[in-house]
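Residue numbers start from 1 in every chain, and the chains themselves are labelled A, B, ... in the order their sequence lines are given, proteins ahead of strands. Side chains are part of it too, since the values below use all heavy atoms of this structure and drop only hydrogens, waters and symmetry mates.
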Protein chains: 2
Amino acid sequence: MEASQHEDPPLNDKAPPSPAEPAETAPCTKALASLYARPGFKLRRAHQVSLSVFAEECRAFEVTTTQYGILVALRERPRMDQIGVAQALGLDRSTTGMVVGLLEARNLLQRSRHETDRRRRVLTLTPQGEALLEAIGPAAERARCRLLEPLSEEQARMLGELLDTLLEYHDRRVRVPLMRTEG
Amino acid sequence: MEASQHEDPPLNDKAPPSPAEPAETAPCTKALASLYARPGFKLRRAHQVSLSVFAEECRAFEVTTTQYGILVALRERPRMDQIGVAQALGLDRSTTGMVVGLLEARNLLQRSRHETDRRRRVLTLTPQGEALLEAIGPAAERARCRLLEPLSEEQARMLGELLDTLLEYHDRRVRVPLMRTEG
DNA sequence: ATCCAATAGTAAGACGTCTGTCAATATATT
DNA sequence: AATATATTGACAGACGTCTTACTATTGGAT
């Protein structure tokens, strides 16, 4: 209840006040070019930007991208257990447990025991969780659009495909693969 | 000195029981399609993969991508202060301070006071830091190559350009822009 | 010389993420 | 049935990341 008056994104107009920085130690932009060229560096930055844009657009709802992902997953597939959520989103078990705990504490989902397998915690959206998902939709969509704003439709499609190619290849080699299990 | 017997990457052969995964029968695969299609989701995954590949290739050196970035930055521009490092890498002041503290604790860099401006902490690589950078080079290069393995040279270039376009546009709008300090 | 705004850095807290380890429970093997 | 193995989830620890608030210091304005 402390976020209501923030219509405009900060826009960060204070960042480069005067290009004429003394830069006593740095005569070089070129020096770090090898670092900036690393795909991993760009992916870190891109992810950082993506989080930032989502956070700005969805600030009023106080949910992160990960929390949003878990809620969406539960809307699409009610009564998944934590492992199912983890595999569906490519998250660690521990990560999932922690974030689910946060969502439960905010009463956005409920964690109950599986009837026959008592190891499992069955997850269900609460009415509040469903309401939040309903309400956050446009903001999430705005975030997606704003992220892709500098790209043409063709470029956005291309970027998506390239990332898909990358991910499909590495998926199985990483410790936390995406399991598009039907369940 | 507890990492020496792990020549081959885990390869995670236990993940998908049947490689010929029929992604068509699953009605629930479709359910999360809207989530999987989000560029933010792909970027999170891609970043995750990137970290994982780097960690595997560079495991023997016990450095993360962020630590590696800071070390490289200091090699290229000795005697930067923490703010300079933060701006060069697009990191938060706090993040930078924390990671620099870790590197200092491992004696990979030295943190001294600026002569005339005593607020600043001037950072310098120690011989150990330089040696580590020297030694890690091939592994970092392997990580880069492995990450891009599924892409053709043309595709990798394209991906890099698309990410550049994305980042250039958002750079100033994000709270932590990249300051290619030179002037 | 004094005061104030800006800057460098730290501290505390929160979340995301992974690694390990451990307990409880389920399942498979004998 | 009894034991061995696998799985779910929790907990602890570590690192990365951002936010907010605070201290110390600098530098400029009066």
Side-chain N or O of [X] versus OP1/OP2 of [N]: is the shortest distance under 4.0 Å?
X	N	answer
Gln82(A)	dT7(D)	no
Arg121(A)	dA10(D)	yes
Arg118(B)	dT26(D)	yes
Thr95(A)	dG16(C)	no
Thr65(B)	dG16(D)	no
Ser94(A)	dT17(C)	no

Salt bridge present between [X] and [Y] (N-O < 4.0 angstrom):
X	Y	value
Arg75(A)	Glu130(A)	no
Glu161(B)	Arg157(B)	yes
Glu57(A)	Arg144(A)	no

Rounded to whole Å, please give me the gap between [atom1] in [X] and [atom2] in [N].
X	N	atom1	atom2	answer
Arg93(B)	dT7(C)	CZ	P	10 Å
Leu89(A)	dC18(C)	CG	C1'	16 Å
Arg59(A)	dC18(D)	CZ	C1'	12 Å
Glu62(A)	dC18(D)	CD	C1'	14 Å
His114(A)	dT7(D)	NE2	P	16 Å
Asp81(B)	dT10(C)	CG	P	11 Å
Arg113(B)	dT10(C)	CZ	C1'	10 Å
Gln67(B)	dG16(D)	CD	C1'	10 Å

TODO: Measure from NZ or CZ of Arg38(A) to the centre of the six-membered ring of Phe41(A) and say whether it is under 6.0 Å with the direction within 45° of the ring axis.
DONE: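 Not flagged: Arg38(A) not positioned over aromatic ring of Phe41(A).
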Selected nucleotide, minimal atom distance to [X] side chain, candidates [options]:
X	options	value
Gln48(B)	dA10(D), dC18(C), dT17(D)	dC18(C)
Arg119(B)	dT17(D), dG9(C), dA24(D)	dA24(D)
Thr66(B)	dT10(C), dG16(D), dC15(C)	dG16(D)
Arg120(B)	dT10(C), dT17(D), dG9(C)	dG9(C)

- [ ] Name the residue closer to the 5' end of DNA chain C, choosing between Leu102(A) and Ile83(B) according to the nucleotide with the nearest heavy atom.
- [x]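 Checking each residue's closest nucleotide, the 5'-ward one belongs to Ile83(B).
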- [ ] For Val99(A) and for Met98(B), locate the closest nucleotide of DNA chain C by heavy-atom distance; then report the residue assigned to the nucleotide nearer the 5' terminus.
- [x]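 It is Met98(B) whose nearest nucleotide is closer to the 5' end.
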TODO: Please assess Gln82(A) against Arg111(A) for the test side chain to side chain donor-acceptor pair (under 3.5 Å), listing each intermediate value before the final yes or no.
DONE: CA-CA 9 Å; Gln82(A) 294 188 182; Arg111(A) 205 162 23 171; 2.8 Å; yes
